[in-house]
Each structure stands twice: as structure tokens, then as C-alpha cells.
There are 2 protein chains.
Amino acid sequence: MKKTAPTIRDVAAAAQVSTATVSKYINGAQRFSPKVEAALASAISSLGYKSNPLAKSMITGRTNTIGLSVLDITNPHFSSILKGANRVANDQGYSVLLVDTEETPSRERRTLEDLSLRVDGMIVFSRMREHEMAWMTEIDKPLVFFGSLSELPLPTVASDDHSGAFMLSQHLRMLGHKRIAYLGFSKSRRDEERLGGIRECLDAAGLPLTIYDADAPSLAEGERLCASIVLGSERPDALICYNDLMALGFMKEAENLGVAVPHDLSVVGFDNIPYGKYTTPALTTVDLQSERMGATAMEKLLAVIRGEPVEKLTRIAPQLMLRASTMARRA
Amino acid sequence: MKKTAPTIRDVAAAAQVSTATVSKYINGAQRFSPKVEAALASAISSLGYKSNPLAKSMITGRTNTIGLSVLDITNPHFSSILKGANRVANDQGYSVLLVDTEETPSRERRTLEDLSLRVDGMIVFSRMREHEMAWMTEIDKPLVFFGSLSELPLPTVASDDHSGAFMLSQHLRMLGHKRIAYLGFSKSRRDEERLGGIRECLDAAGLPLTIYDADAPSLAEGERLCASIVLGSERPDALICYNDLMALGFMKEAENLGVAVPHDLSVVGFDNIPYGKYTTPALTTVDLQSERMGATAMEKLLAVIRGEPVEKLTRIAPQLMLRASTMARRA
DNA sequence: CTGTTAGCGCTTTCAA
DNA sequence: TTGAAAGCGCTAACAG
């Protein structure tokens, strides 16, 4: 609890050198005579001097901070993205400033515009449609976006949701499922991609698809919508859920309703959150490699910041995780 | 992509006033004549002026940023804490700079000391023992700590782990369990408190307690240790796990091993992570109210920052969540 | 190798 | 109600 923290001038005075020398010394920008370096070292430690990062940032224009905006940090998909991104950032001397938009895009633009003034770059996961995002290109800071973009010239990192969905559908089809349903979440930009992959597969096989739509990508929504899917006259024999959270909620409620998974109905999801492996039955899902996506986005952003050239789109291949929630039938 | 962002001086020139006037105007520190305010408003919007927060921070010494340090952001307990803390921070105009120590305390001190120079205050969750934490009181920034402290004069927010553990044990005891075991995590500072609560209950009833210790508070560890707990000659009839993650991992593996929960063995945990409700059987646990803890810690910190007096310790009462993983026996 | 000199963009007395 | 002036703590040419 010092009265006033020592400044670079105090150090300069104590070591009998100029502030420029102190500055260069602490930044390792230059070597000095042993005598000077010794004086500097002792002055710094005896004063307990710490360089003020704010002053430094103001002049260099760099904050060593990256903004990361996600939709809901309690969703394991996003926690993992954050984990991966944060690890890479830390390794390279950066910190992460988090924005959790909590699925409410109203203040998103303001929030991100403000954020952009305090960071060296940002990584954004958003529900906005591409045409609502033009302002992002105006932001005068490097930015990496999660998801693929057709128009906007922004570097992106995306999972291949179309092919992940195709794989999942193909898998269900080959196991003999005939009445497949999709419990989607149309507010998401990835919903269409997943739906596209499912349709491509089922259309080719001449199989019908029933679609349900959730209001939120959550455990509670999967639970809530279960009865209407499972207790109708046309119960599907397989359900593809928009994500694992919904799948887990659905499976629990199905159990309560006396519908056995996978005996009566197969269930699959997306994301490969850790918990899907620990339910009974364990959930078959598409691993989107969340942590790796976060790490890749951060690597890409830091490359942009360093001025290195980067691909516009980095795709991360999804991977099917076969588990017990899926069962062969009519074989 | 402007060449150079407009500064307060550009605005002053465009509006024909001094920079001091612009400064006061944008900060709402003072009202001006309608003529001046109009000129200011139009100059600001036509130039697209944005106040540079770095310059402002340097001079005011406030960054409107709070540092939050947690042990593992993919653990739902911490995601929820972050959620609660972030929400409160945002509501009051603050952002959260996240530190994920990833259960490795080696660089923790350095990281936090550096962090302290970039934020207005910080909230810390740490595995450090109290005597290793004295340096925290030297940090010249408000700080709120998670967990109770006996010596250090730091404001804290803590769950009452002792009483939570007591409740849990009492519950098991009243259901007739006789051979209770604890799968703990001794690296954690809360492990002792939980163990204390368990012991207080069991000792009073003259019941023995077997203790196992995990290397990490994770799903994988619960899974790994299951066999040695369950396949020994003295299988317990109830297991209290350090947290829900371990409990879920344990339950899954128990199933694989042919041990039925709760028929053969009751299992309970701590935290009340959302996923415990969606397994079969659903997990009985102690709700530590993670999100509320995060929110409370942030409220407390912001109060300290505003200079308001705060209690040293805020305790959040834990709550027992009864679910199917526990069963009456020998009744 | 080391120092001098200008500021970065903003806030803040203090005067007018 | 408005402005002049003095920096915040630091870096970045440029000189020597």
C-alpha cells in the first residue's frame, strides 16, 4: 500500500540515468553498460517499480488484450472455446476480455464497438445474420469470426456443420431408421447448415424429415419439447438434436415418459460436450472440437495482429462420436 | 477504416470550443449553452468521434475492468460463477478480464500481480493456502476472495461447505447408510471443510468413514477411481464425492462395472452442476449456488471500489438437492 | 551506449 | 458557462 506508485522518473533519478534509458531497459529493447544495468536493476527492485501498462498502451496503441464474445458462457461448447482461446492467448502474452451476450443481440453492436477500443483484436461468435454484420468490417481492429461467411471479408473459423449433419444422418439411415426428426434451433445461423446436411442425406434416400424448433439451445428446452415429439401419433424412430444440451434434456424426459432410448428412439446431438459421455445411454454426437476451434481462432487472430497473411476461412473437420444412444433397428 | 481516429482536439476545433469543454460534455460532467451543446453533438457525430478509453484510464486511474481468476473455466461451477459475476459487472458498466489458472498455481502470483495493474479490482479463486497468500494484501487494488480466511484481512465470499457436508452426511445417515466413504480432493482448500462436516456428523453417530483422494476434481478422476472403491472387499454403501463432476464420472463407471446406483451404493456430490439432474439416476447434491456466489462477489467488489463499507465474510447458505442417486436401505 | 525532446489523448484545476 | 495550461507515465525518434 504505497502512497504513490514509483514512476519511470523515480527509477531514472535513483539510477542516475534518463527515463529513455529506463524505458529501453525494462522493455529489453537494448543492452547497456554493466554499470548502468546494475544501477537500474537495483533501483527498480528497491523502489518496487512496476511499469504502468496503461501509459504504455496509450502510446504504443497495444493493450495485449483480446476480446472474446460468446453467446452463453455456461454452455460447455463455449466454455471449451474460451479454454482453447485463452490458453493460446496466455502463451503469447495476451489476456482475454470476455463478453457474454447471453443470447440477447440487442446491445451486441454497442458492446463490441466499445470493446474494440480496449483490445488489440477480437473473436466473435454471434447470432447475427450476415447482412446485419456489415459494421464489423468497419471496426478498426483485427477480428476473427466463428462461422462461415459468404460476403463479408472477415477471417473466420468454422466447423463443417453441413458435413457433420450429413454424417450423422447417414449413420442413422444406415442403421435402418426410417422416421427421422430434427429438433432444431432456427435462431442459430448454424441451424440451416445442419438442416441442409440432414436434408441432403435424407432426400437422397427418399426419407421424410419432421422438424421441430426450439426457443433456446438448452437442457430445459430439450426437456420441454420431448413430450410433443414422443407422444404424438407419428413418433420418430430417431431424433437429431441441434446440440447436446437439448439432446440430454430430451433423453431425461423421454425416460420419465417411459420411452426408452435407444430402444424406442435413437437420439443424437452436436458439440460433444463432456457430459454426453456420462449419461445413460451415452450420447452419440458430432464432435465439433470446440477447444480446438477456440485455439485456432486465437492463433489466427494473433497472426493477423502480427501482420501475417491468413486464410479467409479455416475449417475444422467434425468427427462422429458413436455411442449408445443410437441403435440399429429393422435390421 | 479511417486514417487516424479523431481526437478530442478535432472535435474541439470542429465545434469551435476548447478541449476542456468537449471533455466535460462527453462525460456529462457539466451542462453547456444550447448553442455549444448542439455544435458539440454535431461535431461528434459527423466526425464519428469515440473517446479513447486508454487515455482516459491513464489519467483517471480507472479502467472499468475487473479481473476474475478461476481454476478451470470448463468446470460448470466456475462457468456459473463467471456468469453471475459478469452479469453484475456489465450491469454496472464493467467488463471482466478472465484468468484461468488451469489448476496450476505456479505462475499465479505473477499473473495476478500483472493483472492488478490493468484492472480496478479483482476476484480470486485459488488453491493457495492462506499462508501463501499474504502478498495478496499488498496488492494495491480492491480484491475479493472466494473461500473463508482466518488471518488475512481480505473481503471474502464463501459457501458454507462444512454445513453442506454435514447436511449431506446427515441425510445419508438417516436413510440408514452405515458404511460411508468420501472421495475427496485434498489439494483443494474446501476439501478439509467438507471432510470436517462429514466427520462431525459421522463421529456423532459412531459411524466410520473411509477416505479416498483424487488427483483432480474431474469426471475422468471419478471414473478412474471407481473400480478401486467399488470392487474392494469392503464396498461402502454410500459415497460422498468432492464434487459433481467426480460423482458423475464415478456413476458412469459403476454402471459399467455392474454396480447399481443407488441400489448397491448411494452417490452424492457438491456444486449442483446442471448435468447432475440429467443423468440416470439423477444426482443428489449440495447446491452451492455458484452463479449467486459470482454475482455476490462482484457486488461486493464493486462496493469496495465505490468506497462503501462491506462485511469481511459473506456466507452463502448451501442447499440440499435430493435426487434419485440416494436410496433408503436397511429401513 | 545514453540523453533530449516531444508528445500519445485525455482530464483537471484554476481563471476568466 | 467556457478556456488555458499543465500534466498522467510512458515511448520514440533523433542527437550526441
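Source: prediction; values computed, not measured. Chain letters run A, B, ... following the sequence lines, proteins first and then strands; every chain starts at 1.
Without hydrogens or angle criteria, A:Ser79 side chain to A:Thr74 main chain gives no donor-acceptor distance under 3.5 Å. Under the 3.5 Å distance criterion, the side-chain polar atoms of A:Ser51 are left unmatched by any main-chain donor or acceptor of A:Pro53. Between the side chain of A:Ser46 and the backbone N or O of A:Ser42 there is at least one donor-acceptor pair closer than 3.5 Å. Judged by distance alone, with hydrogens and angles left aside, the side-chain atoms of A:Thr104 form no donor-acceptor pair with the main-chain N or O of A:Ser106 at under 3.5 Å.
Residues A:Ile73 and B:Asn86 have side chains not in contact (no heavy-atom distance under 4.5 Å, counting atoms from C-beta outward).
Residue order along DNA chain D, read from the 5' end via each residue's closest nucleotide, puts B:Val17 first among B:Val17 and B:Met58. Judged by closest nucleotide on DNA chain D, B:Ser18 is the one of B:Ser18 and B:Ala55 placed further toward the 5' end. Residues B:Arg9 and A:Gln16 both approach DNA chain C. Their nearest nucleotides, taken by heavy-atom distance, put A:Gln16 toward the 5′ side.
A salt bridge links B:Asp100 with A:Lys83: at least one charged nitrogen is closer than 4.0 Å to a carboxylate oxygen. Between A:Arg110 and A:Asp114 there is a salt bridge, since at least one side-chain N of the basic residue sits less than 4.0 Å from a carboxylate O of the acidic one.
Residues B:Ser159 and B:Gln289 have side chains that never bring a donor and an acceptor to within less than 3.5 angstrom of each other. Side-chain contact, A:Gln92 with A:Arg306: a donor N or O sits under 3.5 Å from an acceptor N or O.
Between A:Asn52 atom CG and C:dC8 atom P the separation is 18 Å, expressed in whole Å. Rounding to whole angstrom units, CD1 of residue A:Ile59 and P of C:dC10 are separated by 15 Å. Rounded to an integer number of Å, the gap from B:Ile8 CD1 to C:dC8 P is 13 Å. Rounded to whole angstrom, the span from the CZ atom of B:Arg62 across to the C1' atom of C:dT11 amounts to 14 Å.
A heavy atom lying under 4.0 Å from DNA chain C marks the following residues of residues 21-35 of chain B, by number: B:Ser23, B:Asn27.
B:Ser51 comes within 4.0 angstrom of the backbone, heavy atoms only, and of no base.
Put simply, chain B comes within 4.0 Å of DNA chain D, heavy atom to any atom, from D:dT1 to D:dG9, going 5' to 3'.
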